[in-house]
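Any value given below was found using the heavy atoms of this structure, including those in side chains, with hydrogens, waters and symmetry copies removed.
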Amino acid sequence: MTPETLAEKVLSATRAAFADLGLDAAALPAKTTVERPRNPEHGDYASTIAMQVAKRAGTDPRALAQEIAGRLADAEGVAEVDIAGPGFLNVTLEAAAAGEIARRIVAAGTAYGYNESMEGRQVNLEFVSANPTGPVHAGGTRWAAVGDALARVMRASGAKVVSEYYFNDAGSQIDTFSASLLARAQGEPVPENGYGGAYIDRIAAEVLRRSPDALEAADPREVFRVHGVELMFDQIKATLAEFGTHFDVYFNEKELHDKGELDDAVERLSKEGRVFEADGALWLRTSDLGDDKDRVLKKSDGSWTYFAADCAYYLDKRERGFDKVVIMLGADHHGYIGRMQAMSRAFGDEPGTLEILIGQMVNLMREGKPVRMSKRAGTVVTLGDIIEAIGVDATRYALTRYSADSSIDLDIDLWTRHGNDNPVYYVQYAHARIAGVLRNAAELGLDRGGDYDAALLSHPRENELLKALAEFPAVVASAAELREPHRIARYAEDLAGAYHRFYTDCRVLPYPGEDLSETGRARLWLVEATRVVLANALALLGVTAPERM
RNA sequence: GCGCCAGUAGCUCAGCUGGAUAGAGCACCGGACUUCUAAUCCGACGGUCGCAGGUUCGAAUCCUGCCUGGCGCGCCA
């Protein structure tokens with residue numbers, strides 16, 4: 001029995017109790033959940049529904065719990081219902097009802113965990129979005145891992161997700177970039193506030209190799225811009241690919257300008273009565289919609305602001321049919337939330353259509369000291385550097401196991417260590433251990449068969465493992481709903497722990513000279529189910545599930 | 001000055017939108033491999049959940065105020 005099924009039984013038992021007691025059913029929620037108690041004495045699952053609804057229904061929680069318990073105890077698969085404390089319902093399942101989850105999981109395979117909590121949603125998920133003036137740095141790396149994981153988690157929850165990378169290959173940043181390339185190609189130091197670092201020299205040299213006459217061209221800087229941007233972007237894309245992060249769309253800001261979408265957006269905003277002129281500039285009145293102050297769309301010199309492009313880009317996404325626009329930004333950009341939300345409202349969108357997720361800073365630590373990030377100084381720590389130092393799996397895992405609300409001190413020494421203080425190994429090792437058991441079973445010619453007796457999975461360790469396995473779809477759903485992929489990593493650690501404990505106490509394969517018992521055969525189902533869930537969880541994080549370690 | 005994020009065990013962090021005795025990993029101490037991977041497991045140690053109020057059957061979680069740290073507050077991009 002799944003927790004979801006049990007929750008439905010709890011709710012219908014409550015409904016029946018209400019009817020018999022003559023209570024007002026309006027006090028009942030449409031849906032409820034059961035939790036997995038930490039203390040095994042509290043049964044397999046616990047419900048707090050009696051305490052939650054008793055007050056609104058004007059009755060005593062313990063008495064109500066008593067009524068619910070009596071009805072719930074008769075439900076199929078339920079072995080026992082106890083009442084504890086102020087009105088907890090502690091439910092113990094029949095072993096067969098708990099054990100059948102393994103069958104479901106094995107049958108579903110890679111689809112297990114899929115849920116419909118975001119069914120029908122069209123989500124545009126934008127992250128990284130670094131301009132091609134340098135390699136992706138540590139903050140972008142965080143989103144490359146978390147954003148990609150979130151896209152996977154949302155897809156696993158039924159949403160249609162398009163992952164998108166927004167960039168600009170014109171403008172002042174790019175001008176500085178091309179001027180820096182040109183300067184280095186001429187053997188001169190980069191201009192004041194220009195970009196430094198080895199990658200500038202490398203790209204400058206590569207542009208010269210491609211286009212030996214570049215310095216004699218009519219507009220040398222333009223030659224360095226065109227080739228430099230292409231080379232830089234190729235490198236960024238190659239590194240992201242190596243990292244396992246795929247984007248469905250690379251969106252160039254230039255497209256918005258070429259299609260006149262900024263004018264269109266401003267016109268739309270004007271029609272909504274949100275635009276005004278002052279001091280020779282064109283403004284969006286965002287202060288009416290929760291922003292600190294109004295924002296300029298078109299400067300007094302006639303040029304557009306970055307914000308105007310943001311408005312056009314947002315409108316573009318909405319017109320492409322997305323009902324949910326999610327943008328992931330670093331904490332240094334959180335000041336944009338106000339104007340962006342106001343802009344969304346100015347277009348007439350409901351709150352929640354635009355979601356801006358803020359990821360706190362990532363500090364690289366080496367030998368206990370922070371590695372300072374500065375693109376200009378060329379001491380920048382890049383995605384490529386981190387992959388090289390820590391490896392793709394450990395980097396992705398390290399960045400996705402923490403809440404984006406927390407800043408991360410990413411200790412290079414810790415995550416490079418191939419030891420057990422490195423959490424990614426704990427999870428991967430569980431998978432490798434399972435793969436070993438399954439390999440051995442195959443070598444012995446043992447087969448788990450077409451079915452098993454679920455009631456044989458009655459050992460406390462088996463019970464613990466089964467409950468952890470049953471939880472996975474709800475974890476995926478909550479990770480998607482709350483936009484918190486770190487829940488997947490924490491869950492994977494929880495599940496790996498349950499497996500390691502099971503493995504210690506429960507022998508799966510027969511000892512030499514013995515036959516595979518029915519319990520052993522049932523355990524092969526449980527082990528395969530665990531492998532499936534660990535692999536699925538790691539896949540959602542973009543981390544590999546190794547067969548051997 | 002205003003805003004956002006954080007403050008939980010010696011360290012790094014979870015805590016399932018209000019539930020039971022607040023958890024995990026690491027570190028430290030003590031145990032467990034003649035048989036499926038000891039990168040594992042078991043036990044012990046360790047916390048006034050930043051502080052003070054409030055809301056209620058019940059608060060780490062919600063509200064208010066304060067303290068500390070990080071990041072922001074352009075007709076820059």
In whole angstroms, how far is the [atom2] atom of [N] from the [atom1] atom of [X]?
{"X": "E493(A)", "N": "U12(B)", "atom1": "CD", "atom2": "P", "answer": "17 Å"}
{"X": "Y402(A)", "N": "C11(B)", "atom1": "OH", "atom2": "P", "answer": "15 Å"}
{"X": "R401(A)", "N": "C26(B)", "atom1": "CZ", "atom2": "C1'", "answer": "10 Å"}
{"X": "R339(A)", "N": "G3(B)", "atom1": "CZ", "atom2": "P", "answer": "17 Å"}
{"X": "L282(A)", "N": "C75(B)", "atom1": "CG", "atom2": "P", "answer": "14 Å"}
{"X": "D409(A)", "N": "G7(B)", "atom1": "CG", "atom2": "P", "answer": "14 Å"}
{"X": "L364(A)", "N": "U12(B)", "atom1": "CG", "atom2": "P", "answer": "17 Å"}
{"X": "D175(A)", "N": "C76(B)", "atom1": "CG", "atom2": "P", "answer": "15 Å"}

At under 4.0 Å between heavy atoms, what does [X] touch on the DNA or RNA strands: base, sugar-phosphate, or nothing?
{"X": "L482(A)", "answer": "base"}
{"X": "K298(A)", "answer": "nothing"}
{"X": "A84(A)", "answer": "base"}
{"X": "H500(A)", "answer": "sugar-phosphate"}
{"X": "R461(A)", "answer": "sugar-phosphate"}
{"X": "R487(A)", "answer": "sugar-phosphate"}
{"X": "N90(A)", "answer": "base"}
{"X": "R501(A)", "answer": "sugar-phosphate"}
{"X": "A435(A)", "answer": "nothing"}
{"X": "E547(A)", "answer": "base"}
{"X": "Y491(A)", "answer": "nothing"}
{"X": "S403(A)", "answer": "sugar-phosphate"}

> Which residue, Y306(A) or H486(A), contacts RNA chain B at a nucleotide closer to its 5' end, judged by nearest heavy atom?
Replying inline: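 The answer here is H486(A).
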> Which comes earlier along RNA chain B counting from the 5' end, the contact point of M361(A) or that of N39(A), where each point is its nearest nucleotide?
Replying inline: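 Between the two, 5'-proximity favours N39(A).
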Side chain of [X] only, please: which of [options] is the nearest?
{"X": "Q360(A)", "options": "G70(B), C75(B), A39(B)", "value": "G70(B)"}
{"X": "R548(A)", "options": "U37(B), C36(B), C13(B)", "value": "U37(B)"}
{"X": "A281(A)", "options": "G72(B), C57(B), C75(B)", "value": "C75(B)"}
{"X": "Y503(A)", "options": "A14(B), U37(B), G19(B)", "value": "U37(B)"}
{"X": "V296(A)", "options": "G19(B), C75(B), C13(B)", "value": "C75(B)"}
{"X": "V508(A)", "options": "A6(B), C36(B), G72(B)", "value": "C36(B)"}
{"X": "Y426(A)", "options": "C41(B), A20(B), G19(B)", "value": "C41(B)"}
{"X": "E471(A)", "options": "G74(B), A39(B), C16(B)", "value": "C16(B)"}
{"X": "K293(A)", "options": "A20(B), C73(B), C41(B)", "value": "C73(B)"}
{"X": "A331(A)", "options": "U56(B), C71(B), C36(B)", "value": "C71(B)"}

>> I'd like to know if the side chain of R56(A) reaches the main chain of A27(A), judged simply by a donor and an acceptor atom lying under 3.5 Å from each other, with no hydrogens or angles considered.
In response: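 Present.
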Taking [M] as the reference, what is the distance to [N] when you measure between their [atom1] atoms (whole Å, please)?
{"N": "A22(B)", "M": "C45(B)", "atom1": "P", "value": "14 Å"}
{"N": "A60(B)", "M": "G19(B)", "atom1": "C1'", "value": "12 Å"}
{"N": "C62(B)", "M": "C4(B)", "atom1": "P", "value": "14 Å"}
{"N": "G10(B)", "M": "G50(B)", "atom1": "P", "value": "13 Å"}
{"N": "C41(B)", "M": "G25(B)", "atom1": "P", "value": "7 Å"}
{"N": "U61(B)", "M": "G54(B)", "atom1": "C1'", "value": "15 Å"}
{"N": "C42(B)", "M": "C33(B)", "atom1": "P", "value": "15 Å"}
{"N": "U64(B)", "M": "U55(B)", "atom1": "P", "value": "15 Å"}

> If we ignore angles and hydrogens, is there a donor and acceptor under 3.5 Å between the side chains of D393(A) and Q428(A)?
Replying inline: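 Side chains of D393(A) and Q428(A): pair found under 3.5 Å.
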> Does a donor on one side chain and an acceptor on the other come within less than 3.5 Å for N115(A) and S117(A)?
Replying inline: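 Yes, a side-chain donor-acceptor pair sits under 3.5 Å.
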Complementary nucleotide of [N], counting Watson-Crick and G-U pairs under 3.5 Å:
{"N": "C26(B)", "answer": "G10(B)"}
{"N": "U34(B)", "answer": "none"}
{"N": "C71(B)", "answer": "G3(B)"}

>> Test of understanding: with ring-ring contact (aromatic ring centres under 6.0 Å, His included), list the residues that count as partners of Y165(A), not counting sequence neighbours.
In response: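 F233(A), F247(A), Y250(A).
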> Hey, what do you get for CG (L541(A)) to CZ (R396(A)), rounding to the nearest 0.5 Å?
Replying inline: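 L541(A) atom CG to R396(A) atom CZ measures 8.0 Å (nearest 0.5 Å).
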>> Between C75(B) and S300(A), counting only base atoms on the nucleotide and side-chain atoms on the residue, is there a donor-acceptor pair under 3.5 Å?
In response: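 Yes.
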>> For a quick check, tell me whether the side chain of D494(A) and the base of A14(B) share a donor-acceptor pair closer than 3.5 Å.
In response: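 No, no donor-acceptor pair under 3.5 Å.
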> When syn is taken as a glycosidic angle within 90 degrees of 0, is U68(B) syn or anti?
Replying inline: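 U68(B): anti.
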>> Whether D44(A) and K467(A) form a salt bridge (side-chain N of Lys/Arg under 4.0 Å from carboxylate O of Asp/Glu) is what I want to check.
In response: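 Salt bridge between K467(A) and D44(A), a charged N being under 4.0 Å from a carboxylate O: yes.
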> Any salt bridge between R295(A) and D310(A), counting N to O under 4.0 Å?
Replying inline: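 No, no charged N to carboxylate O under 4.0 Å.
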So, do [X] and [Y] sit near enough that their side-chain heavy atoms are less than 4.5 Å apart?
{"X": "E164(A)", "Y": "Y313(A)", "answer": "yes"}
{"X": "V533(A)", "Y": "Y491(A)", "answer": "yes"}
{"X": "P3(A)", "Y": "T33(A)", "answer": "no"}

> What do you reckon, do F88(A) and the base of A20(B) stack, with centroid distance below 5.5 Å and planes below 30°?
Replying inline: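 Stack criterion met.
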